[in-house]
Amino acid sequence: QVQLVESGGGLVQAGGSLRLSCAASGRTFSRYSMGWFRQAPGKEREFVAAVRWSGGNTYYADYADSVKGRFTISRDNAKNTLYLQMNSLKPEDTAVYYCAARLGSFSYTSVYEYDYWGQGTQVTVSS
């Protein structure tokens with residue numbers, strides 16, 4: 001089992017920044033691909049960003065078009081922690097943000113492909 005705990009959410013004005021963290025435990029963190037998803041009220045959970053493990057110490061980052069150029073995903077394997085740096089926030093970024101993980105090769109943009117999920121952290125962007 002893998003446990004994931006998100007933190008860092010809050011209230012911020014449009015144009016501001018937040019840094020989300022996801023602390024992982026229970027398994028070998030470095031071998032897992034990790035993703036960030038978000039869900040706004042009444043909407044489906046959607047892909048935001050992912051760091052995919054490609055073997056050894058090789059990783060690739062991918063982003064949804066809606067956040068490209070504004071968000072940056074990163075990971076610290078020594079601390080078993082995933083991060084999402086969010087800059088130039090917009091009201092449409094308001095959602096609960098979830099961290100997810102899966103070991104191995106998979107379709108990383110799909111909600112249904114991940115094995116482990118955190119409980120989420122609320123991000124609210126006011127205009």
Side-chain angles (χ1 to χ4, degrees):
Q1 291 294 118
V2 173
Q3 293 176 291
L4 304 172
V5 181
E6 302 93 338
S7 62
L11 176 64
V12 65
Q13 290 187 319
S17 299
L18 285 174
R19 191 190 194 197
L20 306 183
S21 298
C22 172
S25 64
R27 297 282 178 171
T28 304
F29 179 78
S30 63
R31 300 291 190 269
Y32 280 75
S33 294
M34 306 287 296
W36 285 101
F37 291 75
R38 66 187 182 186
Q39 187 167 23
K43 296 185 178 180
E44 298 290 322
R45 191 170 299 185
E46 66 176 1
F47 170 75
V48 176
V51 177
R52 297 180 291 110
W53 179 65
S54 299
N57 198 33
T58 301
Y59 301 90
Y60 296 97
D62 294 285
Y63 301 90
D65 289 341
S66 60
V67 306
K68 199 168 296 180
R70 299 188 297 121
F71 291 9
T72 302
I73 190 170
S74 62
R75 63 194 294 163
D76 187 335
N77 290 338
K79 296 181 178 180
N80 283 4
T81 302
L82 179 74
Y83 302 98
L84 185 68
Q85 178 66 47
M86 304 185 293
N87 298 326
S88 301
L89 283 162
K90 305 174 181 179
E92 49 262 47
D93 295 318
T94 296
V96 176
Y97 283 71
Y98 298 90
C99 175
R102 178 174 172 174
L103 178 65
S105 180
F106 62 102
S107 181
Y108 57 89
T109 63
S110 174
V111 166
Y112 305 102
E113 293 291 333
Y114 286 81
D115 293 319
Y116 306 101
W117 291 87
Q119 295 301 304
T121 183
Q122 177 69 50
V123 171
T124 303
V125 184
S126 62
S127 60

From [X] atom [atom1] to [Y] atom [atom2], the distance as rounded to the nearest 0.5 Å:
X      : Y      : atom1 : atom2 : value
Ser33  : Glu113 : OG    : CD    : 11.5 Å
Leu84  : Cys22  : CG    : SG    : 10.5 Å
Arg70  : Gln85  : CZ    : CD    : 12.0 Å
Glu46  : Gln39  : CD    : CD    : 9.5 Å
Phe47  : Tyr63  : CZ    : OH    : 9.5 Å
Thr121 : Trp36  : OG1   : CH2   : 7.5 Å

What closest approach, in Å, do [X] and [Y] show between heavy atoms, and which atom pair accounts for it?
X      : Y      : value
Asp93  : Val125 : CB-CG2, 4.3 Å
Met34  : Cys99  : CE-SG, 3.7 Å
Ser127 : Ala14  : CA-CB, 4.4 Å
Gly120 : Val96  : CA-CG1, 3.8 Å
Arg52  : Asp62  : NE-OD2, 2.8 Å

Short side-chain to backbone donor-acceptor contact, [X] and [Y], under 3.5 Å:
X      : Y      : value
Gln119 : Glu6   : no
Tyr116 : Gln3   : no
Arg38  : Val123 : no
Thr81  : Ala23  : no
Tyr59  : Ser30  : yes
Thr124 : Thr94  : no

Tyr83 and side-chain contact (heavy atoms from CB on, under 4.5 Å): which partner among Thr72, Leu20, Asp76? Asp76
In terms of hydrophobic clustering (I, L, V, M, F, W, Y; side-chain heavy atoms under 4.5 Å; direct or indirect links), are Leu103 and Phe29 co-clustered? yes
[Y] side chain reached by [X] side chain, heavy atoms, under 4.5 Å:
X      : Y     : value
Asn87  : Ser17 : yes
Ser126 : Gln13 : yes
Leu4   : Tyr98 : no

Looking at Trp117, is Arg45 sitting on its ring face, NZ or CZ under 6.0 Å from the six-membered ring centre and within 45 degrees of the normal? yes
Name the orientation class of the two ring planes belonging to Phe71 and Tyr97 (parallel below 30°, tilted from 30 to 60°, perpendicular beyond 60°). tilted
Is the shortest distance from a Lys or Arg side-chain nitrogen in Asp65 or Lys68 to a carboxylate oxygen in the other one below 4.0 Å? yes
Tell me, please, which residues at least two apart from Ser110 pass side chain to side chain donor-acceptor pair (under 3.5 Å). none
